[in-house]
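Labels below follow one simple rule: chain letters A, B, ... track the order of the sequence lines, proteins then strands, and each chain is numbered from 1.
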Amino acid sequence: FDQGASDDMGDDAQASPETVTVAATQYDTVLDWPTFDRWLARLQAAELVAFDTETDSLDAMQARIVGLSFSDQVGEACYIPLRHEVVDAPVQLPLDEVLARLKPWLEDASRPKLGQHIKYDTHVLANHGIAIRGYAHDTMLESYVLEAHRKHNLGDLAQRHVHRSGLSYEDVAGKGAQQIPFAQVAVDKAAQYSCEDSDLTLHVHQTLWPRLQAEPALRDIYERFELPTSRVLQRIERNGVLIDKALLQQQSHELGQRIVALEHEAHALAGQPFNLGSPKQIGEILFNQLKLPIVKKTATGAPSTNEEVLEKLAEDYPLPARILEYRGMAKLKSTYTDKLPLMINPATGRVHTNYAQAVAVTGRLSSNEPNLQNIPVRTAEGRRIREAFIAPPGHVIVSADYSQIELRIMAHISQDENLLRAFDQGLDVHRATASEIFGVSPDEVSSEQRRYAKVINFGLIYGMSAFGLASNLGIERSAAAAYIDRYFMRYPGVKRYMDETRAQAKAQGYVETVFGRRLWLPEINSPNGPSRAGAERAAINAPMQGTAADLIKLSMVAVQDALDAQGKATLMIMQVHDELVFQVPEAERDWVKTEVPRIMASVADLRVPLLAEVGEGLNWEAAH
DNA sequence: AGGATCACGCACG
DNA sequence: CACGTACGTGATCAAG
């Protein structure tokens with residue numbers, strides 16, 4: 001979306017009469033103890049302090065402090081350089097002693113602190129043995145709750161909300177291959193950069209926090225969902241997950257052999273060598289050399305070689321099947337079996353993902369470096385990778401996941417009597433849907449009819465069109481439209497929900513989750529037909545996906561609280577949208593398997609029962 | 001030459 | 001061209 005200056009019309013800083021103008025900033029570089037003592041006294045007296053760490057790595061688990069900055073008043077800040085190693089760097093205060101003297105304040109929960117993306121700084125301090133407490137606010141999360149669809153990095157927030165800009169990281173450290181470690185940045189430049197970050201964080205907070213306070217539902221999402229989730233995520237990330245490196249390496253070896261064999265077969269079938277990893281070269285071979293029919297084209301007009309196309313061609317020709325098999329093997333090897341062993345942290349022997357809390361516009365988390373939310377599960381071949389997510393000796397892996405969470409939420413929101421009844425009675429919901437659509441008793445539903453109903457139920461969650469359903473089921477659009485009509489006749493509450501949600505989105509530009517999280521749809525009134533239609537589908541989906549995200553955030557916080565209250569040694573180690581995964585000492589297995597699903601089912605009282613299912617095993621695959 | 005970005009494909013819920 | 005993500009490889013762009 002537009003990041004330009006013209007994009008910030010009507011935001012609070014322009015509209016507000018009490019916009020602060022920062023004429024001049026007063027930034028200190030702390031190089032001696034008297035100056036340090038003066039600032040420490042200020043921090044101890046301040047009602048709220050913005051705080052930022054400068055480090056030598058973006059990897060939060062490995063980063064070491066290079067310097068610290070604090071701001072207790074807009075326009076004023078200090079920077080404490082600690083490990084700058086540039087040639088003519090000044091003599092700096094000793095890191096260990098500075099941290100030792102700051103530690104009581106940092107760990108004092110009654111001294112409120114503020115940051116931009118505090119999960120990162122929490123890790124950094126933990127790397128130095130400091131357990132920060134009293135993190136009262138996070139500007140990134142404030143922004144995310146107010147405007148999930150926009151950007152949340154500090155530079156953009158400062159520009160948008162207080163019309164200020166500071167040095168960018170690239171300004172001080174360079175970019176690309178020329179980039180230098182922060183420790184090699186000149187101290188005065190680093191001081192300017194870091195002081196600005198703390199100062200701007202405080203300034204942005206002073207505009208965003210009043211806006212949250214003025215919207216009780218959003219303030220609740222921020223205080224009761226996002227802030228506590230941030231703390232739980234930091235612990236999950238730090239716990240990490242144990243990976244069987246040797247098993248993955250063995251799988252890589254086997255996959256490598258199968259890939260080579262498939263390459264030979266494919267080249268023989270093509271009559272020439274080509275790169276099976278290149279859709280362009282595959283297209284050249286299939287459609288120009290071998291004259292296979294073009295099934296469909298990509299967005300840029302090139303003949304598509306995607307899975308659906310190759311499956312179709314594989315009905316009549318041998319080569320597409322080899323390419324499909326190659327792609328499956330190559331995906332597993334390059335993305336998972338080769339990559340995961342490289343991601344093991346040498347200090348902990350475990351893999352520590354990063355959960356992004358302010359990326360997904362629906363309120364979901366995302367996971368990166370590595371992404372642990374897309375580990376294969378749908379094929380037997382892929383599931384072998386889950387066997388490498390293991391419990392250490394004396395422990396088991398326990399997985400607990402919400403059953404049919406989004407359909408349950410659809411029943412709750414729509415209040416459709418028929419759907420509510422199905423969940424109340426504990427029915428197989430796809431079978432119940434098939435029974436309604438096809439007009440047969442539940443016992444008479446064929447597996448084919450149930451499969452259709454399942455696709456329709458998924459489609460409803462995605463805001464389906466007759467076109468989308470038709471292409472998914474491989475039927476005529478008119479037939480798909482007839483199924484949708486039948487569905488809405490049997491579930492009129494769902495129909496009403498869809499219509500009302502679309503209308504609400506158009507009228508106010510956003511929709512809401514059950515808990516009041518606001519999901520903005522900038523394209524909902526676009527003159528561009530396809531993008532408007534896309535926004536309408538997103539509007540249907542967002543309350544369900546977003547409410548599910550809200551529920552599991554509540555669960556994560558409640559389960560962690562229970563573990564802490566009971567003094568359990570069980571570790572929460574992963575979240576996969578509707579699933580929580582734990583590393584559990586054998587002695588705690590029964591407690592976890594009973595209590596975790598109970599907590600997950602009771603975090604909210606909806607018009608449908610919530611159900612969480614639990615499994616255990618020596619690895620993640622076995623725990624399902 | 002090679003870093004940055006796009007295109008495509010595909011893993012998950 | 002169903003909603004939401006992350007990321008791998010190959011192809012292309014275009015600065016100096």
Side-chain angles (χ1 to χ4, degrees), chain A residues 148-149 175-179 274-284 296-310 323-324 326-340 343 353-356 359-379 381-383 385-386 401-407 410 455-473 477 480 484 511 519 521 529-531 533-546 548-549 552 574-579:
Chain A
H149 60 299
K175 63 171 180 173
Q178 267 59 254
Q179 192 165 79
F274 66 102
N275 185 346
L276 277 112
S278 165
K280 188 178 166 168
Q281 291 187 35
I282 291 172
E284 169 65 22
K296 65 168 180 174
K297 296 190 171 183
T298 69
T300 53
S304 173
T305 70
N306 72 12
E307 183 171 7
E308 183 193 341
V309 167
L310 295 184
I323 298 171
L324 277 170
Y326 169 91
R327 284 214 180 129
M329 302 297 112
K331 178 89 177 178
L332 292 178
K333 184 170 186 292
S334 67
T335 307
Y336 303 106
T337 62
D338 283 352
K339 197 50 61 74
L340 287 170
M343 303 295 287
T353 186
N354 174 58
Y355 287 101
V359 167
V361 296
T362 54
R364 272 193 180 178
L365 305 177
S366 69
S367 159
N368 60 56
E369 291 183 84
N371 184 355
L372 297 185
Q373 292 181 324
N374 74 346
I375 303 300
V377 70
R378 289 170 190 172
T379 67
E381 196 65 54
R383 278 196 296 273
I385 291 163
R386 292 184 172 226
D401 67 289
Y402 278 118
S403 164
Q404 304 289 1
I405 186 69
E406 292 185 356
L407 278 177
M410 187 168 87
V455 171
I456 290 167
N457 278 331
F458 270 110
L460 288 160
I461 291 168
Y462 296 151
M464 73 178 165
S465 61
F467 186 99
L469 181 63
S471 72
N472 214 293
L473 285 174
R477 193 204 310 221
I484 294 173
V511 293
L519 309 155
L521 300 151
S531 83
E536 288 178 12
R537 294 192 296 271
I540 300 294
N541 173 262
M544 293 179 272
Q545 191 180 124
I552 198 155
M574 287 187 280
Q575 189 258 37
V576 192
H577 307 305
D578 63 359
E579 174 185 13

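- Comparing the same atom, P, in C:dT5 and in C:dC1 gives a spacing of 14 Å after rounding to whole Å.
- Evaluation of atom-type donor-acceptor distances gives a pair under 3.5 Å for the side chain of A:R378 against the base of B:dG13.
- Looking at residues 364-374 of chain A, you'll see A:R364, A:S366, A:S367, A:N368, A:E369, A:N371, A:N374 sit with a heavy atom under 4.0 Å from some atom of DNA chain C.
- For A:S471, the side chain to side chain contact (heavy atoms under 4.5 Å, CB included) criterion is met by no residue, not counting sequence neighbours.
- Considering only residues two or more places apart in sequence or on other chains, A:R383 meets the salt bridge (charged side-chain N to carboxylate O under 4.0 Å, His left out) condition with A:E621.
- By the side chain to side chain contact (heavy atoms under 4.5 Å, CB included) test, A:T300 pairs with A:T298, A:A302, sequence neighbours left out.
- Evaluation of the ring pair (Phe, Tyr, Trp, His ring centres under 6.0 Å) rule for A:F458 yields no partner, not counting sequence neighbours.
- Take A:K296 and apply the salt bridge (charged side-chain N to carboxylate O under 4.0 Å, His left out) test, not counting sequence neighbours, and it matches A:E308.
- Checking the phosphate oxygens (OP1, OP2) of B:dG9, no side-chain nitrogen or oxygen of A:K331 falls inside 4.0 Å.
- For A:T353, the side-chain hydrogen bond (donor to acceptor under 3.5 Å, both in side chains) partners are A:S367, not counting sequence neighbours.
- B:dC12 atom P lies 13 Å from atom CZ of A:F458, rounded to whole Å.
- Between the side chain of A:E307 and the base of B:dC10, no donor-acceptor pair under 3.5 Å is found.
- Checked against salt bridge (charged side-chain N to carboxylate O under 4.0 Å, His left out), A:R364 has the following partners two or more places apart in sequence or in another chain: A:E406.
- Taken together, the paired segments of DNA chain B that extend over three or more consecutive Watson-Crick or G-U pairs, each closer than 3.5 Å at both contacts, are B:3-9 with C:7-13, B:11-13 with C:3-5.
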Notebook entry, point to check: How does protein reach along nucleotides 3-8 of chain B, written 5' to 3' as B (base within reach of a heavy atom under 4.0 Å), S (only sugar-phosphate), or - (no contact)?
Noted result: -S--SS
Note to self: Across nucleotides 11-16 of chain C, 5' to 3', mark each nucleotide with B, S or - according to how protein heavy atoms within less than 4.0 Å reach it.
What the structure shows: SS----
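- Taking the salt bridge (charged side-chain N to carboxylate O under 4.0 Å, His left out) definition, one finds that A:K333 meets it with A:D338, sequence neighbours left out.
- If you take CD of A:E536 and P of C:dG4, they are 13 Å apart, rounded to a whole angstrom.
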